[in-house]
Amino acid sequence: MRRLLHVFTNDVRRHLRAPLVIVVFMAIPLAMTALIGAVFGPKPGANALPRIAVLVVDRDKSVASKLLLGAFDSARMKEMFEVTVIGESEGRERMKAGRASAMIVVPERFTLDLMEWKPVALTVVRNPAEQFLPDVAEEAVNTLAVVLSGAVRAFGDEVRGIRAMMDLPLEAFPWASLAPELAKAQSKVIAASKYLDPLLIRLESEEVKTAGSRPAVTRADVFSAVLPGMAIMFLLFIVQTVMRDILAEREDGTLRRMMSAPLRPLELVGARILGGWLMGLAVLLVMAAAGRLLFGATWGPFGYFLLLGATAAFWVAAFFALFHALVANRNQAGAIGAPVILVFSLFGGSMMSPDAMPAAFRPIGLFTPNRWFIDGAALVRDGRFPLAAVAVLGASGLALLALAVPALLRQTRSAS
Amino acid sequence: MLEIRNLTKSYGDVLALDRFSLDLAKGEVLGLLGPNGAGKTTLISILAGTLGGFTGTVTFQGQSLFASRQLKNRLGIVPQDMAFYEDLSAMDNLLFWGGLYDVPRAELKRRAAEILELVELAGRAKEPVKKFSGGMKRRLNTAIGLLHKPDLLLLDEPTVGIDVQAKVSILDIIRNVGAAGTAVIFTTHQLAEVETACSRIAIMDKGRILAQGTLDELVRIVGERTFVEISGEFGAGAFSEAIQDMPAPSVELMSAGDNLALLAVSDTDQIPRVMDRLFGRKLAVTDLTIKSPSLETVFLKLTGRSLRD
Ligand SMILES: Nc1ncnc2c1ncn2[C@@H]1O[C@H](COP(=O)(O)OP(=O)(O)O)[C@@H](O)[C@H]1O
Ligand SMILES: [Mg+2]
């Protein structure tokens with residue numbers, strides 16, 4: 001037992017040393033939740049302040065400018081800004097006529113230059129007749145520019161890697177397929193999180209509150225409904241990543257070295273499963289807390305949520321223990337793992353509500369951890385005990401564990 | 001303290017260890033010299049307890065080495081691969097790997113600091129290991145095996161792929177460990193290493209020991225003669241046939257392999273005659289080297305192979 005804990009704490013330490021993957025995998029669901037909440041959230045009610053008229057001249061017409069426009073188009077920003085995309089000459093005329101507070105000009109090659117890390121300029125044309133409103137518009141653009149350039153800088157390589165997706169419209173942008181791309185970006189995480197944070201926080205900050213129109217309760221409800229699906233999907237990704245060590249170790253000789261010490265194979269296997277489980281649970285709790293802080297999402301009684309989360313993380317850890325005992329190597333794990341998670345997420349309701357699915361597909365969800373976790377989380381939010389979810393995930397998790405342990409033990413012995 | 005008897009292991013049709021036997025005493029440093037594929041790693045893996053499916057016995061300090069997991073505490077293993085965590089620092093690696101053995105935590109910390117001094121990594125103890133040079137990594141790899149003060153240290157090609165200076169420092173460490181009373185087996189396919197660092201040398205090929213002893217004892221096997229190593233495009237049979245009727249005391253065929261043969265001659269006047277024979281039979285000779293008795297000639301005589309390949 002001492003050695004089991006020794007291996008476990010060492011694994012945790014190693015992941016804390018290289019946390020990029022985990023941070024990215026935590027940031028993505030929050031960002032996606034923000035996006036989904038923005039798109040599907042209830043429209044704001046009557047506004048106390050007039051909205052600020054902003055014109056946008058998009059000469060770039062590519063991913064980065066679309067992202068920028070998309071940000072302005074989100075529900076929160078819509079409360080403050082009325083954005084019109086317009087041709088340049090017409091825009092200048094309207095500005096002259098004082099019919100808008102500011103005009104933003106996105107230059108040609110904006111996306112391309114950003115990707116090549118060249119400095120890019122967004123021009124903000126201000127209406128000289130107004131003081132305050134153009135300031136707000138300029139500040140918003142400034143913030144978005146900082147976020148965007150930071151993200152590009154942090155994920156430069158990956159962004160270049162996904163250039164093929166550039167010409168898709170924003171709505172069709174394959175966000176989920178970004179995940180593995182981003183996961184490649186070891187060691188850059190600190191920078192990444194530094195730049196990603198302001199984006200998330202900015203959307204929430206006082207500016208919106210001073211607008212005096214925050215439809216708090218209903219909006220938070222939307223987030224609360226979206227977040228569990230996102231959280232379980234990325235829990236799958238994270239635990240898969242953490243438990244991939246099992247394969248790395250077989251390949252780099254550290255497994256053999258461990259087995260030459262007085263460490264029992266069962267202690268090693270136990271440490272790995274415990275590691276996947278507890279690290280998964282920790283990440284889930286952090287995501288839940290972040291969802292609460294950023295979006296005001298509610299989760300229900302903490303004890304119930306903890307139990308549900310622990311059961312789900314256990315299921316996921318047992319699943320990936322078995323998964324990694326069965327695949328041949330890391331390439332295979334990568335190639336099979338992501339599709340498996342996406343299939344779970346699709347049929348389990350992480351990506352769309354089961355109600356939106358053809359009736360014939362709906363029962364498939366019952367074989368996914370996503371569906372049980374999402375349903376359980378909905379009960380917990382209402383203050384009810386998620387009995388079915390805990391029972392099903394717990395029992396099937398134990399069954400997976402019973403298969404995984406002997407398979408991993410066999411691997412541990414034969415790898416040497 | 002270590003007695004290996006008739007250790008036999010095959011992988012399918014490949015016989016990796018063939019009734020391998022060896023004895024080792026406390027404080028002895030044994031250099032196990034063998035070409036690639038001789039079975040060195042197989043031997044070390046069996047002793048390390050990470051490879052099964054063999055026959056034969058290994059007795060260590062009076063009991064079977066595989067009788068109890070506790071015995072592993074007395075064994076230090078330095079594998080051929082650099083097996084440690086690149087993201088962690090040298091210190092964290094030592095604390096992790098050492099922590100797998102039964103060493104009290106406080107003692108472990110003290111030992112880790114001590115060992116880092118010994119392998120001259122103390123100044124970089126806190127850096128992630130991935131920033132280390134190849135030589136530094138090899139030293140760390142070695143240090144991990146020493147941490148828990150084993151009675152028997154097994155090193156599998158501990159000096160592969162590093163520069164001369166790093167090699168010398170690892171061989172120094174090995175010598176000092178032996179001098180402090182630990183029995184050591186280290187495998188290598190480099191002659192110079194066993195010549196300098198070992199109290200005893202064993203030459204192995206095809207899963208068994210062909211000869212063992214001190215350097216002097218081994219060199220005596222081939223006697224005080226001059227040796228001629230001949231390489232070229234010829235078969236073993238054709239070569240033996242070409243020189244078979246040359247007078248025995250003046251020219252002796254030590255080993256003949258395809259493309260490589262070793263002759264012992266009483267004096268160098270014999271060499272032109274040998275060449276006449278070979279050219280007369282149209283054997284294509286590409287290289288000829290004259291050697292004095294050394295471990296290399298012993299090795300060539302015993303294995304019929306050059307260590308260089
Ligand atoms: N896992 C394995 N499967 C099949 N053959 C192996 C395996 N490991 C080693 N061998 C074979 O066993 C013989 C001895 O190998 P090894 O012990 O690695 O030699 P050395 O370490 O001296 O180079 C070689 O012929 C090698 O090809
Ligand atoms: Mg080897």
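Order of the sequence lines fixes the chain letters, A, B, ..., with proteins taken first and strands second; residue numbering starts at 1 for each chain. All of these numbers come straight from a predicted model, not from anything done at the bench. Basis for what follows: all heavy atoms, side chains included, without hydrogens, waters or symmetry-related copies.
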Shortest non-hydrogen contact from [X] to [Y]?
X: A83(B); Y: G253(A); value: CB-O, 3.4 Å
X: Y101(B); Y: S260(A); value: OH-O, 3.9 Å
X: L263(A); Y: R69(B); value: O-NH1, 3.3 Å

At a heavy-atom separation under 4.5 Å, does [X] approach chain B through its side chain, its backbone, both, or neither?
X: E267(A); answer: neither
X: R14(A); answer: both
X: R264(A); answer: both

Between R2(A) and G99(B), is there a donor-acceptor pair closer than 3.5 Å when you use the side chain of the first and the backbone of the second?
-> yes
Could you measure the distance from the [atom1] atom of [X] to the [atom2] atom of [Y]? Nearest 0.5 Å is fine.
X: D11(A); Y: Y85(B); atom1: CG; atom2: OH; answer: 6.0 Å
X: T50(B); Y: R256(A); atom1: OG1; atom2: CZ; answer: 7.0 Å
X: S45(B); Y: M259(A); atom1: OG; atom2: CE; answer: 14.0 Å

Is [Y] close to [X] at the side-chain level, that is, under 4.5 Å between some pair of heavy atoms?
X: I77(B); Y: R257(A); result: no
X: T254(A); Y: W97(B); result: yes
X: F96(B); Y: T9(A); result: no

Taking every heavy-atom pair that is under 4.5 Å apart, which of D92(B), D81(B), D102(B), L95(B) has the most such pairs with chain A?
-> D102(B)
Residue part contacting chain A, namely of N93(B), when any heavy atom lies under 4.5 Å | neither
R105(B), part contacting chain A, at a heavy-atom distance under 4.5 Å | side chain
